[in-house]
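Let me begin by presenting the structure, written as structure tokens, before commenting on it.
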Amino acid sequence: MTLDKNFDPAAIEARWYEHWETKGLFRPERKDAEPYTIVNPPPNVTGSLHIGHALDNTLQDIIIRHERLKGKDALWVVGMDHAGIATQMVVERQMGELQQKRTDLTREEFVEKVWKWKEESGGTITKQLRRLGCSMDWANERFTMDEGMNEAVLKVFIDLYNDGLIYRDKRLVNWDPALKTAISDLEVETTDVKGSFWHFKYPLADGAKLDDGRDYIEIATTRPETMLADMAIAVHPSDERYKSVIGKEVLQPITGRRFKIVADEHADPELGSGAVKITPGHDFNDFEVGKRAGIATGDMFNMLDGEANVCQTSDGLVPEEYIGLHRFKRGGIDGARELVIKQLKELGLLIPHVSKNKDGEEVEHDAEPRTIATPFGDRGGVVIEPWLTDQWYVDAETLAQPAIKAVREGDIEIVPKTWEKTWFNWMENIQPWCVSRQLWWGHRIPAWFDDDGNIFVAEDEAAAQKQAGEGVNLSRDEDVLDTWFSSALWPFGTLGWPEETDDLKRHYPNDLLISGFDILFFWDARMAMQGIQFMKDVPWKRLYLHGLVRAEDGSKMSKSKGNVVDPLGLIDQYGADALRFFMAAMESQGRDIKMDDKRVEGYRNFATKLWNASRFCEVNGIGASKTLAAPEAALPVNRWIISEVVETQQALDKALTDLRFDAAANTIYHFTWDRFCDWYLELIKPLLQGDDASAADETRAVAGWVLDQIIVMLHPFMPFITEELWHSMAQEDGGRNYDLIVAKWPAPKAEIDTVAKSEIDWLIKLVSEVRSTKVELNIAPGTKMAAHIRDGDSALMEKVARHNPALDRVGRLESISADPAPEGPSAQLVVDGATYVLPLAGAIDIDAEKARLTKSLEGVSKEAKSLEGRLGNANFVEKAKPEAVEKARADLADKTAEAERLQAALDRLG
RNA sequence: GGGCGUAUAGCUCAGUGGUAGAGCACUUCGUUGACAUCGAAGGGGUCGGGAGUUCAACUCUCUCUACGCCCACCA
């Protein structure tokens with residue numbers, strides 16, 4: 001015996017992973033095989049494995065191992081993302097600890113430092129993915145900033161620019177004042193925050209008055225500080241209160257700037273006073289209103305610098321005391337907001353908010369409390385400032401059209417289908433994508449400017465110079481591209497594009513993309529847009545979106561809440577196979593997964609169960625299968641289990657094709673435990689130890705074959721234990737000549753044997769019935785009994801004879817005969833149209849037996865009655881499907897007969 | 001404001017137009033050499049409320065309620 005009593009995952013996992021990787025088995029040479037391709041969402045180089053990665057990568061590994069076992073040329077592309085902002089932040093933080101800052105270095109020095117960090121500390125996650133058992137093509141590991149990807153990014157940028165799909169534009173962007181870079185709409189997270197709504201008076205200029213006689217106009221704002229850059233007041237064109245002052249001017253109380261009251265639909269008469277201050281340089285709506293009011297973008301005032309400190313506007317009207325103040329209170333120091341409020345209050349221009357306190361007294365406050373949806377940067381964590389700058393934009397609207405069409409026409413199948421609407425909804429309302437970032441780590445934008453601001457986009461400086469002409473002074477754009485710009489090229493950039501490589505031809509489009517729905521817009525949508533634009537074909541034929549792994553209580557895992565579950569801890573505790581199986585079993589389409597350690601433990605137990613079943617086989621001379629096809633078998637129990645394998649394999653293949661990971665996992669789980677371990681291995685025990693050598697030989701051959709099929713079918717889910725068993729089960733035969741990871745998926749070449757199936761079903765039913773009877777009559781389970789059959793035909797008696805040893809050993813029925821039972825107490829079982837009378841040696845608890853039979857009878861009668869009722873309904877017989885009527889009739893006949901037998905048994909008890 | 005999802009056994013979740021399943025938890029019994037990380041036998045659900053379609057609804061339609069998510073917006 002070579003297998004230990006208990007399965008210890010830690011003892012084998014690292015060994016097998018290294019074996020697979022060093023032998024190159026993650027991507028065996030299969031030039032003539034049909035390709036199958038998926039690309040891994042490149043994890044951040046700064047990242048470490050979290051539970052979401054564990055889910056995402058387990059699902060991908062299941063698919064790729066399944067396809068590899070089916071003989072495909074299965075390629076799972078892997079690599080890392082340079083993660084511009086995240087990585088730069090990590091390195092800057094490290095420098096900060098040494099009292100250094102990025103700007104102490106030149107750009108080149110800093111970038112070099114980041115590369116050095118990457119070499120030394122980056123890529124933790126690649127080792128962790130190995131612990132999970134992921135069979136990626138590490139031999140060709142990529143990086144979004146490696147040479148090939150750089151080339152792809154360069155070409156994409158230049159081509160899009162030349163096609164007018166990338167352009168430079170001055171407009172408001174989401175500016176992160178902490179990181180001092182622009183970010184895209186997707187990187188902004190809007191959160192409700194408790195804030196204030198201030199009401200102020202803006203005096204009307206030139207002695208103008210409202211119809212009601214007031215010489216000021218009331219405005220309300222949540223951002224008082226931006227009034228230093230106000231350029232208009234907007235009122236609704238149909239608002240009677242203000243019609244007479246449209247076109248008149250107001251005097252901004254702090255800057256003294258004069259500007260007009262304009263009519264614009266944006267102003268909501270219901271909100272505040274109905275008049276709104278317009279600050280085109282610091283608010284997205286105001287920007288649009290300003291443009292409509294005829295203010296040129298270049299003339300819009302900008303009163304904040306890159307860190308959101310107040311700076312002078314181009315008209316020089318911001319008072320000196322404001323310059324350098326932060327936009328709002330920070331670190332206990334008042335900002336521009338607080339100063340504005342203070343000054344206006346002193347000027348008597350603040351309109352207090354009046355509310356009643358709990359005693360019903362009126363109380364004045366500076367402002368009205370209000371919940372404000374506030375934009376935050378997803379990395380920097382500070383409030384985003386809309387800021388007027390020059391940035392590079394991708395014309396996403398144009399690129400989105402073919403991506404919409406691809407899904408609409410089925411070139412891309414989204415699974416689950418409900419996500420299609422989200423895809424369309426986003427794509428159809430897509431905004432220009434801001435792709436420039438004011439960082440140093442990333443793909444530097446290949447654009448050069450001359451002294452007049454003319455732009456030259458080219459592959460290098462020499463080419464740009466050529467465009468600009470000899471002697472023209474050029475300077476390169478300082479900005480880098482959004483990280484997602486490069487990862488959008490992953491499905492073809494990693495395959496050699498822009499070169500026309502064999503890999504590219506063979507593996508594009510990819511067959512499937514698996515990703516969390518949280519990166520649907522960030523990554524998936526952009527891959528679709530870029531893929532179709534540059535490859536003239538979709539990046540993948542199917543897109544599978546899975547949910548989030550949540551904490552046990554259903555909340556989102558987050559470091560701040562401290563409820564993060566570490567997948568590596570679970571691997572240490574239960575083994576990678578158990579964690580993987582958990583992920584698969586819990587992954588039903590369209591639902592998040594709640595973490596449940598008990599369930600992971602359950603799958604560890606499943607692994608142990610399989611391990612022990614293999615030990616049983618080993619000690620009984622059952623070894624590796626000699627054939628791929630099912631062995632020839634004459635015994636019903638063997639023919640039955642072969643049929644069960646065929647059905648299991650069909651169900652498993654279907655589930656995997658349908659991307660129903662839960663169904664796939666459950667299929668193999670229940671076959672292994674319920675069918676193979678609980679019944680088959682029990683039923684064959686007497687055969688293995690019996691006198692009939694040929695029966696024993698046949699059974700050993702079949703059992704070995706079935707165990708092999710289980711090991712192969714389970715391998716995508718539990719790669720480590722199965723590889724271990726694959727080899728250890730063959731030791732007696734001198735070992736396997738190939739590894740399980742590249743073995744062949746089951747091909748039983750066997751029909752489903754309905755005769756054997758019904759025979760074993762009967763056997764299982766009879767044994768189960770005997771067992772439950774004993775429990776209910778308080779008979780010790782081990783007690784051997786004799787059975788006398790009533791109403792049994794010769795076919796039944798032959799069946800009984802065939803299964804005598806199993807009935808004896810598993811059912812504890814030492815004899816079964818057609819002879820009438822002797823007088824005296826007995827238990828009676830009704831199974832499949834025959835009654836089995838079991839004489840009892842001692843006194844029988846007649847009442848218990850009556851109760852048992854009565855309960856059975858009631859159940860059967862109830863079903864029969866319901867069927868009768870249905871069949872008695874003329875509408876049912878006429879309108880229902882004939883099969884349904886037929887089935888109801890057959891069921892009724894069965895139930896009626898069973899009820900009669902049970903009644904007869906009861907009658908015999910007196 | 002728009003969109004999506006979820007409500008089934010104590011818990012976490014599958015599921016099908018024809019009288020409901022799994023894992024865990026629970027109860028009782030059990031060490032006959034694969035396995036106590038186990039085996040056997042059980043208990044437990046009017047499938048969120050209401051209406052409709054149908055011979056038949058947990059399953060389809062509508063509606064209500066509760067919870068969750070996404071997008072947009074609220075000066």
Side-chain angles (χ1 to χ4, degrees), chain A residues 1 3 5-7 185 190 197 219-223 226 233-234 266-268 270-279 283-286 289 370-373 416 418-419 421-422 424-426 429 517-518 520-521 547-548 550 552 554 556 574 578 582 585-586 588 590-599 601-620 660 662-663 666 669-670 674 677-678 681-682 685 767-768 771-776 778 780-782 809 812 862-863 866-867 869-870 873-881 883-885 887-888 891:
Chain A
M1 183 127 113
L3 292 173
K5 188 169 171 187
N6 282 323
F7 166 54
D185 297 345
T190 307
F197 199 36
I219 58 100
T221 181
T222 58
R223 294 212 59 195
T226 62
I233 299 283
H266 166 65
D268 178 359
E270 302 295 317
L271 193 56
S273 64
V276 54
K277 72 185 196 69
I278 298 301
T279 320
D283 182 282
F284 288 100
N285 285 311
D286 292 4
V289 174
R370 193 181 166 86
T371 302
I372 303 164
T418 47
W419 284 102
K421 268 199 178 162
T422 309
F424 293 136
N425 199 28
W426 188 70
N429 297 292
F517 64 73
D518 51 330
L520 175 62
F521 303 144
L548 255 51
R550 298 179 165 276
E552 205 135 358
K556 213 166 164 174
Y574 301 112
F582 167 80
M586 297 306 287
S588 65
R591 199 190 262 272
D592 286 347
I593 294 176
K594 282 199 186 97
M595 203 51 231
D596 182 357
D597 284 18
K598 293 291 287 179
R599 193 131 182 175
E601 185 185 2
Y603 293 125
R604 187 273 318 263
N605 295 352
F606 174 59
T608 306
K609 184 74 180 175
L610 175 68
W611 185 264
N612 280 307
S614 304
R615 288 176 69 221
F616 170 83
C617 290
E618 195 181 34
V619 296
N620 281 285
R660 286 306 307 249
D662 55 343
N666 286 329
Y669 177 96
H670 287 293
D674 303 348
C677 292
D678 286 351
L681 292 184
E682 294 304 323
K685 280 176 182 173
V767 170
S768 303
R771 286 172 175 170
S772 60
T773 301
K774 282 180 174 168
V775 169
E776 284 172 60
N778 274 317
R809 169 132 186 192
R812 308 263 119 193
K862 196 180 155 206
E863 286 181 51
S866 157
L867 287 163
R870 213 189 303 167
N873 181 340
N875 278 326
F876 173 70
V877 180
E878 280 166 29
K879 295 184 184 171
K881 283 175 294 189
E883 309 92 87
V885 177
K887 186 173 182 304
D891 287 350

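Please read these numbers as outputs of a predicted model, since none were measured by experiment. Letters go in sequence order (proteins before strands), and every chain restarts at 1.
G2(B) and A72(B): their C1' atoms are spaced 7 Å apart (whole Å). Only the C1' atoms considered, G68(B) is 15 Å distant from G48(B), to the nearest whole Å. If you take atom P in G21(B) and the same atom in C69(B), they sit 34 Å apart, rounded to whole Å. Using atom P as the reference point in both U27(B) and C70(B), the two lie 41 Å apart (nearest Å). Comparing A20(B) with U46(B), their C1' atoms sit 13 Å apart, to the nearest whole Å. Rounded to a whole angstrom, the distance from the C1' atom of G50(B) to that of A7(B) is 15 Å. As rounded to the nearest Å, C67(B) and G23(B) have C1' atoms that lie 24 Å from one another. Across C47(B) and C13(B), the matching C1' atoms stand 13 Å from one another, rounded to whole Å.
RNA chain B is contacted by both D592(A) and K421(A); K421(A) maps to the nucleotide lying nearer its 5′ end (nearest heavy atom per residue). RNA chain B is contacted by both S772(A) and C677(A); C677(A) maps to the nucleotide lying nearer its 5′ end (nearest heavy atom per residue).
Of all heavy-atom pairs between L681(A) and C617(A), the closest is CD2-SG, 4.4 Å. Across all non-hydrogen atoms, the minimal contact from A275(A) to I233(A) is CB-CG2, 4.1 Å. Closest approach of K774(A) to R812(A), counting heavy atoms only: NZ-CB, 3.3 Å. Nearest heavy atom pair, residue G272(A) against residue F197(A), reads CA-CE2, 4.2 Å. Taking both residues in full, the closest heavy atoms of T422(A) and F521(A) are given as CG2-CZ, 3.6 Å, listed atom of the first, atom of the second, then distance.
N425(A) comes within 4.0 angstrom of nothing in the nucleic acid, heavy atoms only. Contacts of V276(A) with the nucleic acid, taken as non-hydrogen atoms under 4.0 Å apart, include base atoms. Using a 4.0 Å heavy-atom criterion, one finds that C617(A) contacts no nucleic acid atom at all. At the heavy-atom level, R771(A) lies under 4.0 Å from the strands shown only through sugar-phosphate atoms. K609(A) comes within 4.0 angstrom of a nucleotide base, judged by non-hydrogen atoms across all strands. Among the atoms of the strands shown, only primed sugar atoms or phosphate atoms (P, OP1, OP2) are found under 4.0 Å from some heavy atom of K594(A). As judged by a 4.0 angstrom heavy-atom cut-off over every strand, E552(A) is placed among residues making no nucleic acid contact. The residue A585(A) sits apart from the nucleic acid: no heavy atom pair falls under 4.0 Å. Looking at heavy-atom distances under 4.0 Å, D268(A) makes contact with a base. N6(A) comes within 4.0 angstrom of a base, heavy atoms only. Using a 4.0 Å heavy-atom criterion, one finds that K887(A) contacts no nucleic acid atom at all. Within the 4.0 angstrom heavy-atom criterion, no nucleotide atom of any strand lies near K774(A). Base contact: S866(A) has a heavy atom under 4.0 Å from a base atom.
Closest contact between the side chain of T608(A) and the listed nucleotides G18(B), U37(B), G23(B) involves U37(B). Of all nucleotides listed (A75(B), C29(B), A22(B)), A75(B) comes nearest to the side chain of T222(A). Distance from the side chain of D678(A) is smallest for G39(B) among the nucleotides C55(B), G39(B), A75(B). Taking only side-chain atoms of A613(A), from C-beta outward, the nucleotide of G3(B), G68(B), A34(B) with the closest atom is A34(B). Distances from the side chain of N612(A) to the nucleotides A40(B), C35(B), C55(B) place C35(B) closest. Comparing G68(B), U19(B), G42(B) by their closest approach to the side chain of R870(A) singles out U19(B). When distances are taken from the side chain of T418(A) to each of G23(B), A41(B), C4(B), the shortest belongs to C4(B). You'll find that the side chain of K881(A) is closest to G18(B), out of A41(B), G18(B), C73(B).
The separation between W419(A) atom CH2 and C71(B) atom C1' is 11 Å, rounded to whole Å. Nucleotide U53(B) holds its C1' atom 12 Å from the NZ atom of K879(A), rounded to whole Å. For the pair R809(A) CZ and A40(B) C1', the computed distance is 16 Å after rounding to whole Å. Atom C1' of nucleotide C69(B) and atom CH2 of W426(A) are separated by 18 Å, given to the nearest angstrom. In this structure, CZ of F521(A) is placed 11 Å from C1' of C4(B), rounded to the nearest angstrom. In this structure, E618(A) places its CD atom 14 Å from C1' of C35(B), rounding to the nearest Å.
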Practice prompt. For salt bridge (Lys or Arg N to Asp or Glu O under 4.0 Å), just list the numbers for K594(A) and D592(A), CA-CA rounded to whole Å, side-chain angles, deciding distance to a tenth of an Å, and then say yes or no.
Written response: CA-CA 7 Å; K594(A) 282 199 186 97; D592(A) 286 347; over 6 Å; no
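Pair assignment for G68(B) gives C4(B), based on Watson-Crick or G-U wobble hydrogen-bonding distances that are each under 3.5 Å. Under the Watson-Crick or G-U wobble criterion, with both distances below 3.5 Å, A51(B) is paired with U61(B). Nucleotide G10(B) has C24(B) as its partner under the Watson-Crick or G-U criteria, with both atom distances under 3.5 Å. The nucleotide G39(B) finds its pairing partner in C29(B), both defining distances of the Watson-Crick or G-U wobble pair being shorter than 3.5 Å.
One finds no side-chain N or O of T422(A) lying less than 4.0 angstrom from the OP1 or OP2 phosphate oxygen of C70(B). OP1 or OP2 of A14(B) has not a single side-chain nitrogen or oxygen of R660(A) nearer than 4.0 Å. Between N605(A) and C38(B), a side-chain N or O to OP1/OP2 separation shorter than 4.0 Å is present. The side chain of R591(A) places an N or O atom within less than 4.0 Å of a non-bridging phosphate oxygen (OP1 or OP2) of A7(B). Phosphate proximity of A34(B) to K685(A): present, with a side-chain N or O under 4.0 Å from OP1 or OP2. For A25(B), the OP1/OP2 oxygens have a side-chain nitrogen or oxygen of K598(A) closer than 4.0 Å.
Remark: R599(A) is not positioned above the aromatic ring of F582(A), lacking an NZ or CZ atom under 6.0 angstrom from the ring centre and at most 45 degrees off the axis.
A salt bridge does not link R615(A) with E618(A): every distance from a Lys NZ or Arg NE/NH1/NH2 to an Asp or Glu carboxylate oxygen is 4.0 Å or more.
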Could you go through nucleotides 57-60 of chain B and list every protein N or O atom that sits under 3.5 Å from one of its N or O atoms, giving the distance for each pair?
none

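The aromatic rings of Y669(A) and Y603(A) sit perpendicular to each other, their planes meeting at more than 60°, with 30° as the lower class boundary.
Atom CZ in R223(A) sits 10.5 Å away from atom CG in D286(A) (nearest 0.5 Å).
A donor-acceptor pair is defined here as one N or O able to donate and one able to accept, closer than 3.5 Å; no such pair exists between the side chain of N425(A) and the backbone of K421(A).
Here the side chains of K685(A) and N620(A) are not in contact, with every heavy-atom distance at 4.5 Å or above.
At a cut-off of 3.5 angstrom, counting only N and O atoms as typed in the model, there is a donor on one side and an acceptor on the other between the side-chain of E682(A) and the base of A34(B).
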